[in-house]
Every structure is written in C-alpha cells, then in structure tokens.
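Every chain is numbered from 1, with letters handed out A, B, ... down the list of sequences. Since the structure is predicted, the reported quantities are computational estimates derived from the model, not experimental observations.
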Amino acid sequence: MATIDDRNAGTLGDAAGHGGHHDEHGSYLQPKETLLATIWDWATTVDHKKIGVMYLSAVLMMFFFGGVAALAVRTELLYPVRTVEVQGVDAQGQPTTTTTVTGQWLASFLGVKDANIAQNNQLYNRAFTLHGAIMVFMVIIPSVPAALGNFFLPIMIGAKDVAFPRLNLLSWYIYVTGSIFGIMSILLGGVDTGWTFYTPYSTTTDADQLKVVFMVLAAFILGFSSILTGLNFVVTVHKLRAPGMGWFDMPLFVWALYATSILQVLATPVIGITLLLLTFERIFRVGIFDPGLGGDPVLFQHFFWFYSHPVVYVMILPGMAIINEIIPVHAHKKIFGYRSMAFASLGIAAVSFLVWGHHMFTAEGELAATVFSALTFLVAVPTAVKMFNWVGTLYKGSISMTPPMVYALMFLFLFAIGGLTGLPLATLSTDMHLHDSYFVVAHFHYVMMGGTIIAFVGGLHHWWPKLFGKMYNQRAAIVFALIQFVGFNVTFFTQFILGTRGMPRRYASYIDEFQMLHQISTVGSYMLAVGFTGSLAVFVHSLLAGKKAPQNPWGGLTLEWHIESPPTTHNFHKEPIVHHGPYDFDTVLPPGWDPKDYPVPNAEAQAKAYEQVEHIHIGHQGQH
Amino acid sequence: MSNHVLQSATLADSAHEFMFKREGLGGKSYFTGVTDSDDIYMWIFWLSTVIFIMLMGVMLYWTFKYRRVPGTIAAASSSHNMLLELAWSIIPMGFFAYMFFEGFHGYIGRLAAPPDSIELRLTGRKWNWSAVYPNGAETPEQIVVGAVKVPVFYVPEDRPVKLLMISQDVLHAFWIPDFRTKMDVQPNRYTSYWFKAARLDDGPTKSLPDGTRYRDHFAFCAEYCGDMHSEMAAIIRVVPDAYYGQVISTWNDAVEPVELGRRKWASMCSSCHSSDGTKNTGPTWKGLFGHAVDFTDGTSYTAEQMGNDEFFANYIRESILEPQKKIVAGFGPNMNSFRGQITEPQIAGITAYIKSLK
Amino acid sequence: MTTIPHDSHSPHGHPSPAPERPKTMLWQVYKAAHHFRNKEEEFDGVKLGMWLFLATEVLLFSGLFCAYTIFRIMYPQAFANGSQYLDWRWGGLNTIVLLISSYTMASGIRWVQLQEYGKAKFNLLFTMFCGLVFLIIKFTFEYTPKWSGYFFFLDPALKHHHDSGKTALGGLFHFVEGYGGKRPGELFSYPFSTDPYEHLWWSVYYSATGIHASHVIIGMGFIWWVYRRVCKGVYGPTHYTGVEMSGLYWHLVDLIWIFLFPLLYLIH
Ligand code: HEA
Ligand code: HEA
Ligand code: CUA
Ligand SMILES: [Cu+2]
C-alpha cells in the first residue's frame, strides 16, 4: 500500500521549462536576498502556502482586536449603571445629598468627560458591534478556510497549488481592502448597529455620517473575498486531485471544506445584494427596508439571515474539518463512519439554506415560524451523526494526549453544549423566552468560540510543525489550553443562566440581581485572555527557539505528512499517486515513522509502505 | 392616591422565579397559561444533560482506557456500523419531533388571546414604553431602575391581558421574563401576545402603602434599538382585580395642566429630556423658558422671544410635532415627531410643565 | 500583427534588440499553469469556476427579484402605476441590442477558434458597441428624463398621463409642472402620483436596472481585455479560455436583462 510513487514523474505542467530550479526545492519560507525582495516576494506571491500564512497572521491580528473589544464589553459589564445618592455635609454643616451616576467604565476609560448614560451606552454599543463584526467577518469566516485551508487543502489532495493562484492572491487583497474599510469606519467613530445591521435602526443611526456605509461595504467586500476563496476550492477539489484519489479517498478535512466552499459561493451573493440595498437605503433613502416609506424591515431580516444562517455553518464546518483530522491522527485510528461524515457535511450544507427564519421567531408570521422551527431540527441530525462518529473513533484507539488532541476533546465538550443549547432556541415556545437574551449569546459563543475557534487553535497546534518547521513546547501548550477551557466555561456558562433569568443581550447596563453572574463571566474572560496570550507566547517561542520539526511528528497519513516540514515551494517533488485511504492507520506505517514504534500487523503492507516512503526520501535527497 | 413613585426596584420587589430554578428550587412561571413552555424547556434540559454526560463520559473513559502505549498500534476495529449509524440518526429525530410539537403548541397558545382579554395598547419608542388602557387612561407612575425611571403598568391578577404593540420608530421587543414571552414591536404592523398573571396568592407579594398586595415583574426591551436600549424597561404590576379597576379610573380624572404635562414627560419624554438640568440625549427642560437657544443651522432664539408665552408655546409645539425643523446646537437629530401620539391639551400641559421647571 | 515575436516582454512598437526569431502565435506555445496537468484540464477548471461565479451573479439578482415580487404583492397599485411610465419600446430596443450583442459575442468566439482574427475583432468591438448603445439608451432616454421630471415618449398612448404637463419638441418631451422627478424612495418628487407607494416601484426599478447596468460596464471591460489579448495573438483554436469566459459573462448579463425586461416593462 504505497502512498507516493514516481510513475508519472514529469506530467505536471512545468517541471521541465521552469527556471529557478533550486528555489523549488527549498522551503517555501526561504527568504530572498534582501529584506525588500522578501517582502515583495510575499506581497506578490501566488503560492497558496504563503497566502495561507498571510491570512493566518491577519486573522490572528484581527482575533486580537476582536478579543480586546470583547474584554472592553466584559469590563463595562462588571457594574450596572445606576444612580447613587451620596449623603454628606456642606460648608455650613447642612446635610446634603448628591446623586451621581456610577458604573460607566468605558466612558471614563476612554477619557470622555462628564459622560451621561447615553454617551456611555453609545461607547458600549460600538464596542460590541465592533467585536461581533470583527469576529464574524474578519476572523471566523476566513480563519480556517482561508488560512489553514489555503495551506493544506491543495497539499492534502496532492496538488501543487489551488486552481486559480492569482485569484487566491486577489482574494487576500480583497480581504485586506475590506478590513481597511472596516477600520476606516472605526476611525470615523465606530458603528453601533450590532453585527446584524437590522433596519430601520441601521439606516437611521448617525444619519449624517458615512461610517455605517463603510462598515456595510467592509462586510460586502469581505464577502467577495469569501466567494473567491470558496470558488477556488471547489474547482481545486474537482480538478486537481492527485491520481488515485477518488472522492471517497479524500481526507475529511477536504470534504468539509468542500461543503463550506459551496455554502460560501451560494450564500454570500445574497448578503451582497442585501448590503448593497442597505447602502442605497442610507445614501438615497430608497425605502425598500424603511417602514416610513412603505418598505419592510422584516424583509431585511429575511435577506440577512438567508446568508447569515448558512454562514454559521461556513464557520462550523471548517472547525469540524479540523477535528476530522486531529482525532484519527492522534488516536492513530481509522475514523468511524467515513462516508456518513462526508455526507453529513454535505447534508448540513444543504439543509442550512432552509432554516434562516429561526432567528426571527418573534418577528415573522406564525406559519413561517412553524415551518422554520421544524426545519431547524433537521440540521441537528447530521450534526449529531458527526458527534457520535468522533466519539466512536476513540473506541479502541491508541490515543496520544498531544495538544491538538486536547483541543479536539475540548471542542467535543464545548460544541456539544453549544449545539444542544441550540435545541431550546429552535423550539418555538422556549425561543419566545430566550430570543435576544444572554442564552443566545452563550449558545453562539459555545459553537463559534468553543467550536470553531478552539478547533482552529487546535488545528494550528496540529499543523504548526508543518507550517513553520518548528516544534513547540507541548506541555505549556496543554496548560494554556486548559486555562482557556476553564476560562471559557466560566465566561459563557454563566451566560446561559443569565439568559434564562431574563438578561437581554446588547445591554450596557442591567438590573442589580444579574451583577454576580456578570462579574463571574468577566473574570472568566480575563482567564481567556491569559490563556490565549499564553498560546501566543508558546508559538512565538517556537518560532524563535523551537526544535526543528520532523516530517511527521504525530503520525498522520494524509499527504502533507509525506513531505518536508516546512514544505518546499512546489509541495511535491513528483506528482504523488495515492494508494491508500487517508485514515488506514491499521495497515499503513505513517511516513517517516519507525516500524518498531508502530508495528503494522500486515507485514506486507508494512514493508511496502515503508519502502515507498523510503523511496520518496531517497528521491528527495538524490535531487540535491 | 396613586401618585407615589417608588424608589429603586431591586430583586426584592420583583418576584423572579426563573426557569433554571424551576426544577432545582421549585420556582415557577407567573404566566399561568404557559407552564408548558417550562415543561418542554426542562424536558430538553434533562435530555441534553443525560446525552451530554453519556457522551462525555464515554469520551473521557475511552481516551483514558485507550491511551497510547509506544510500540503498539490500535487494535483493528470496525470503521463503520450501519445499524448503529442509522440508530443515532433516527432516534434523535424522534426527540426532535417531540420538541417541535411541544414548542409549536406553546407558541400558538400565546398568540391566540381569549376573547375576554383586557387589551393594552402598547407603544414603544426610543427609549420608553407607554400603554393605553381600554378606558383611555395612561399610567402616571414610575419607578427607578438603575439610573432611570421606568413606567409601571398595572394589570389584574388571573385575567387574560392582551398586548397590542406598535413602535414609533425602530424595532423594539417587549419581553416579560417572568411570563416567558416576548414579541418584536415593529413600526409598520401591530404585533401581539397575551398573558394571564398568576394569582397573588400563588407566590410572594408586597404591599402598597394602602395595604394592597401586589407583585412586580420586569419587562425589558429585547431588540436592539440604540443608545438607551438597556434602559428601556417597564414594570408590570399585578394587583387585585378590583384595585386595578379603581386605579385606572382615577388616572382618567382631570388633572392640572402642569401635572398632565409631567405625566406625559414621565411616560414619553423623560428618557431623553431631564427635568433637573442634566444633559441627556436631548436638552434638559430645566430653565428652558426664558432662555436663549442656539440651533445647528446658526440661527437662534433670544431670551426675550423664549420668554414670550405665545412664542414659547409655538416653539414647544413645533419641537414636538416637527422636531427636525430646528435642531438645538450640540444635539443630534434624534427626536422623532410625536404627531398622532399626543393631543393638543397634552402639548399645552407639557408647555406648562416646562415653564414650571425654573 | 496577429503574430508577435516570441519574446513577448519587448515593449510594443520598439524593435526588440534580440535577434529575430521565427514568429509563433502565443496560443501555439501556450502552456497550462504549472499546477494543471494540461490545457484541457485547465480549461475545464476555469469553466467550472466561471459557472460558479455566474451562479453567484444569478443569486445576487435573485435578491432583487425577491424584493420585486414581495413589493408587487404588497403594493400592486403602486407597481401598476409606476410601470406605466416605462416605455416598452425603449426596453424592447435595448433587448434587441443586447440580443444582437450576444450573437456577435458568440461569433467572436467562433472566429477566434477559426483563426479569423479580423472578423473576431470586429465582432468583439461590435459587442462592446452594443453595450455602449444599451447604456446610452438607458441613461439618456430612460434615467435622465425620469429623474429630472420630463418624459420622452415614443408611445402616444401614454400621453394621457401627462395632461397636466407641458410639451416640447412636437410633443416628444413632456415636462411636468414643478419638474417633479420619478426618483426612488425619498427622492421621489413627482407631484401627481396617485399611489403613495409609487416610489417603491422606482426604488426597485433603479436598483435592479442600475446594478444590471454596472454589470454591462464590467462585461464591456472584460471584452475590452480579451480584445486586447486577441490583438496580441494570445487566443487561437487550442486556447481560447479568456474569450469563452467573457462570452459566458456577457450572455449572463444579457440573460438577466431578458428577465428584467418583461418584469419591469411588460407586466402592468
Ligand atoms: C458556528 C456557528 C453556529 C452553529 C454550528 C449553530 C448551530 C445551531 N444553532 Fe445557532 N446561532 C449561531 C451560530 C451557530 N449556531 C449564531 C451566531 C447565532 C446568533 C446570531 C445573532 O443573533 O447574533 C445563533 C442563533 C441561533 C438561533 C436563534 C436564536 C434567537 O435569536 O432567538 C437558533 C434557533 O433556532 C439556533 C439554533 C441552532 C441549532 C438548532 C443548531 C444546530 O446545528 C446544533 C446541532 C448540534 C447538536 C444538537 C449537538 C450535538 C449533538 C448531539 C450531542 C447528539 C444528540 C442530541 C440529541 C438527540 C438531542 N441558533
Ligand atoms: C468568532 C466569534 C466570536 C468570538 C471568538 C467571541 C469571543 C468573545 N466574546 Fe463575543 N460575540 C460574537 C462573536 C464572538 N465572540 C458576536 C457575533 C457577538 C454579537 C455581537 C452583536 O450583538 O452584534 C458577540 C457578542 C458578545 C457579547 C455580548 C454583548 C452584548 O450582547 O451586549 C459578549 C459579552 O460578554 C461577548 C464576549 C466575548 C468574549 C469575552 C470573548 C472571548 O472569548 C475573547 C477572547 C479573546 C481574547 C481575549 C483575545 C486574546 C488573543 C490574543 C492574545 C492573540 C493570540 C492568539 C493566538 C495565538 C491563539 N461577545
Ligand atoms: Cu427598545 Cu431596545
Ligand atoms: Cu441560524
């Protein structure tokens, strides 16, 4: 059961006529002669790996900004705003009472003098809008697909690059442009519409200013970037799979990203037109969403969620994609129910287009609400299938407690809670209570943060050695993962209780009885900050002083583990030919591994796998 | 008699018994028609808890039991199992179907109000609520919550009350957590739901100064609507039926213009205009009479003009009906027209009230 | 000029200092990008990508069609009134112009494949010209008059709507007193409108046709780009990806108009 074979050597378009021969075989990270040349090289690169790394840095930076905004939100919520009567005596010895307003942290932190409640609230509203918009449009949507997906999807299917490398670079620049628009809107003072831009609020707030338009255009432009990435991946998966790799030989990472890409391509245009109309609405007051002119604000919600519901699966499917890789590799065991996993990804993608109305149970008519509630439960079925399959994979595995595995287990724990709490939201009568409460906030942080972001950070740990060719301190990584885990639950589990008790979301202030829970939650968010700063430190340390990473530190079988760490510019020296499935851990010796460590029972397969890997190794050295 | 303004509502005033406490602490919903929503919630809660614990238990047990021993590999085991996979796709479907039907039931139950309901016409605006009772009365009462005053709406115990809601500007939503129900309040169509407050005997109560028992429930705005979204609350006060009838009829009594104006201010204007000189979303009304104002377009009215009774009355009237015409310097165009929301006598009352704020 | 020196980097017009080499057309030496196995595969890939992109365009417009349907159901009278003011003749003329352009686009591709570069270039230019005609009709005879309150009618049957207006140029221009314009949303300032929601019709009309017009412009840009490349000899019988793709795009732009035309101009 060989993995790579040189039978078709030279069939890839360029091998012969290409100049920089030695470049191709050096690490893609190799700098050019001068710093300027290196920067230019990166800025104009069409190499999917470099583009992936550029996305990665941008996404992490944005995650940091979004996180800072979240901390501002949480800190403001330490104290409710209230009037306090202070008793005192004046110069004449007469008793006095002065009333002051307390609990306005943001205004005093930002140095706004004598802020009244409205001004302080305004700052708060900007903070959470900023947080939501950054996290959704600039972090979580591009996180896995555009960063890790860009890097690994082509390698995993044995391709040299994505189908349209220049388009790939273009979508990176579009992403940057979109982010700049977002930043511009922040520099103009920030917007306070919430990430959902509900009309008529979004069309009337700060009516004389352009910042809302900038933020809306930012989301619009980022949407284009997302469409182009998705389109690129679909074509890549269709056309560039290595010989021997049928649809059902693809790693599940690729399957889930494929489903994601379809969602991106099909859902994003709708938000495009919606945001365009919103811009028209603001600039020309066309009235399509404006009740004052006969338009319908609920129509906006339908349009918005028609995109934004599928988009929550654009967020989670890539997270699941990573878990699909981490669990079998670190449990050294074939994934349970490969086909049902692949179909579940497609199923989720398909059904997710039919459920958008569940965000509007309290706004739409009865019939629509009923239909959407019923359909929503359908989405939960393929998700449940995935959960069971992951846990099933652990059975009789050979499980290493590496940092990626810790993250994967954290994902299962947190995503299960997030998903299960989606159920009372999908149930009509309970959603009438829970809608727009902190219960919803907790639900989506459990799925987005506890699901996708945790999976993303897990994936980063999983592929870090491959990305940069350096190992990191695994023990420290696990410690910080656990801090994140505890901090996360402290932050967000309390919010479920807040929600059921009646705490509405997007509130700068609240009644006193919620204070205790809010304070616990805030403490949790500081723990999260510590945890993530720790992870960052681990990575920085690894870059500066990490040991050189072996080719295959965890024992994976997918193609990226067959090549060097970090990969060469052209990924493969010869076109790989795939002879085994991505998870045949019971029959194939992982490339680069010693059979003494990993005694494959089937001697023949073991020998053959070993020989082939050896072969590649020799081939590689022979060319130098 | 009913003009008392209670200070600072706290937990003790509001009889909060929330879902989570229901099983653990024996609390309950105060909307008598709607315990089914708590039932299905608790049902989902326990089902999820059981599934979650089983799943995590198995996960942790296996990760421990099958931890890697170097020099070995995983024993071969089946990589799929049709029966198992079918089972865990189909069994959840059964659970889901049950959740859907129960949820549907509770939802429809809250929309269709019984024919003998008392109808409260509720208007939401940036950023307060006002309610008109069947006899045309409006509540003059307010209570301090946090840093703002919010209106107190009286409702009788154990009688169905239907809320017919509309918004004057952007979207709002009226949420009464104790009744487990909310509905969006939209500017271009009426929405409604109903509730029946539990009898006062069925839980803790407090007493008004005259000895009448009551129970307070918070109502919050649950759809983001701008700066003071978090201050847009109301109190639903459940009182005995007879007391309810009496109190809303006294609200209808003729009052002095200044008092009428103060009530209107309390229910509609106080979220933006203070009476004590503090600057808020809108300019304070204190000392407005007889003081010069500057406008953003560069024009201004002199102190003499503003001290002229007739000129002042017209200015106030225009500010209420056409607030966008002249924007006071230092403020944004944040006030919406109150045309159709307010009668001429009420405008006169407001004018009188502003004059009284020296 | 359909052939160029092998060294394509030498600036146009300046004789290349390099020694003369035998002239080959660029398409003859075209090789697929290095990560594709061959040209055919690349072509298939690009085509798949293009179809996906067209799907996103259709979805973009479907939002507008949705808005159209919903408002038509909500305010049938407003839509009936508004659509009266669209002259089906202008719309029809534009439809014909676009249909012709689609035909010339298709022939352009065909001629490229047959190496008839002169004809190909003429067809491409003509396609762009049609796009221009479309835009001119749209802007000068439809947008501008409506926006600024005079109406330019070919259809005498519509005149009776404007009895209140003055006329000029032998009755072709109908000015409306006060120069109220048929504009979208709040800008709507036509004083004699009989339905309070007519401005919504115009909102939908201007949004839909405006976004469509911007697509016409983008499409013309694409065609200009391939035209330049045809001049350089990039395309030929074995390599014509770019022409084919901009053709697909142009057909889509045309197709969307085919849907917009009856919805806006014909249904009253
Ligand atoms: C990553 C993103 C993500 C994911 C994956 C999900 C997954 C789900 N979501 Fe969530 N959701 C959001 C992101 C996401 N959501 C966001 C961002 C919002 C708010 C937006 C805003 O308003 O700002 C939101 C809001 C939201 C609402 C609207 C709430 C409201 O505003 O009133 C609803 C209502 O139906 C809902 C439902 C669900 C359901 C049923 C799932 C299901 O897919 C979950 C399925 C998973 C499971 C069920 C758990 C695992 C399964 C098992 C352990 C098996 C056994 C289970 C049983 C047999 C019961 N979500
Ligand atoms: C991906 C999505 C995402 C993520 C990750 C988060 C993360 C967090 N969110 Fe956010 N949140 C949203 C999406 C997200 N949120 C959305 C969509 C809304 C709704 C907005 C709206 O209503 O419009 C919302 C709203 C929201 C609210 C409700 C506000 C309100 O309704 O009034 C709160 C309140 O507690 C909150 C808190 C937090 C906290 C404490 C974190 C923390 O987990 C953040 C922790 C992160 C850090 C502290 C940064 C540290 C990072 C580094 C140091 C870099 C190192 C990186 C590595 C190497 C890994 N969020
Ligand atoms: Cu009103 Cu929020
Ligand atoms: Cu959703």
S.K.: Against chain C, label L231(A) side chain, backbone, both or neither, depending on which of its atoms sit under 4.5 Å from a heavy atom there.
M.R.: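 Looking at L231(A), backbone and side chain both touch chain C.
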S.K.: Could you tell me the separation between the SG atom of C66(C) and the CZ atom of F306(A), rounded to the nearest 0.5 Å?
M.R.: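 These two atoms lie 8.5 Å from each other.
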S.K.: How would you list, by chain and number, every residue that makes a side chain to side chain contact (heavy atoms under 4.5 Å, CB included) with L169(A), sequence neighbours excluded?
M.R.: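 L169(A): side chain to side chain contact (heavy atoms under 4.5 Å, CB included) contacts with I51(A), M54(A), W172(A), Y173(A).
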S.K.: Looking at residues at least two apart in the chain, or sitting in another chain, which of them share a salt bridge (Lys or Arg N to Asp or Glu O under 4.0 Å) with D47(A)?
M.R.: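 K49(A).
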S.K.: Rounded to the nearest 0.5 Å, how far does CD1 of I288(A) lie from CG of L64(C)?
M.R.: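 Answer for the CG-CD1 pair, L64(C) versus I288(A), is 7.0 Å.
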S.K.: Taking atom CH2 of W247(A) as the centre, report whether more than 12 heavy atoms of other residues, nucleotides or ligands fall under 6.0 Å from it.
M.R.: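 More than 12 heavy atoms, drawn from other residues, nucleotides or ligands, come within 6.0 Å of this atom.
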S.K.: Show every donor-acceptor pair shorter than 3.5 Å between a side-chain atom in residues 259-268 of chain A and any protein atom, with sequence neighbours excluded, or say none if there are none.
M.R.:
{"unit_1": "T260(A)", "atom_1": "OG1", "unit_2": "A256(A)", "atom_2": "O", "d": "2.7"}
{"unit_1": "S261(A)", "atom_1": "OG", "unit_2": "L257(A)", "atom_2": "O", "d": "2.7"}
{"unit_1": "Q264(A)", "atom_1": "NE2", "unit_2": "S226(A)", "atom_2": "OG", "d": "3.0"}
{"unit_1": "T268(A)", "atom_1": "OG1", "unit_2": "Q264(A)", "atom_2": "O", "d": "2.4"}

S.K.: Could you tell me whether F65(C) atom CZ has more than 12 heavy atoms of other residues or ligands within 6.0 Å of it?
M.R.: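 Above 12, so yes.
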S.K.: Which atoms of L48(C) are under 4.5 Å from chain A, going by heavy atoms: the side chain, the backbone, both sets, or neither?
M.R.: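 It is both, since atoms from each part get that close.
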S.K.: Could you report the tightest heavy-atom contact between L60(C) and G272(A), atom names first, then the distance?
M.R.: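 Of all heavy-atom pairs spanning L60(C) and G272(A), the closest is CD1-C, 4.2 Å.
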S.K.: Minimum heavy-atom separation for L299(A) to F71(C), with atom names?
M.R.: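 Result for this residue pair: CD2-CE1, 3.9 Å.
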S.K.: When only heavy atoms count and the cut-off is under 4.5 Å, which of residues 273-280 of chain A reach chain C?
M.R.: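 Those residues of residues 273-280 of chain A which have a heavy atom under 4.5 Å from chain C are I273(A), L276(A), L277(A), F280(A).
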S.K.: Are there over 12 heavy-atom neighbours, none belonging to F224(A), within less than 6.0 Å of that residue's CZ?
M.R.: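 At most 12 heavy atoms, drawn from other residues, nucleotides or ligands, come within 6.0 Å of this atom.
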S.K.: Which atom names give the shortest non-hydrogen contact between A67(C) and F303(A), and what distance separates them?
M.R.: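 Looking at all heavy atoms of both residues, the shortest contact is N-CZ, 4.2 Å.
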S.K.: Can you give me the closest heavy-atom contact between P269(A) and L59(C), atom names plus distance?
M.R.: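 Closest pair (atom of P269(A), atom of L59(C), distance): CB-CB, 3.8 Å.
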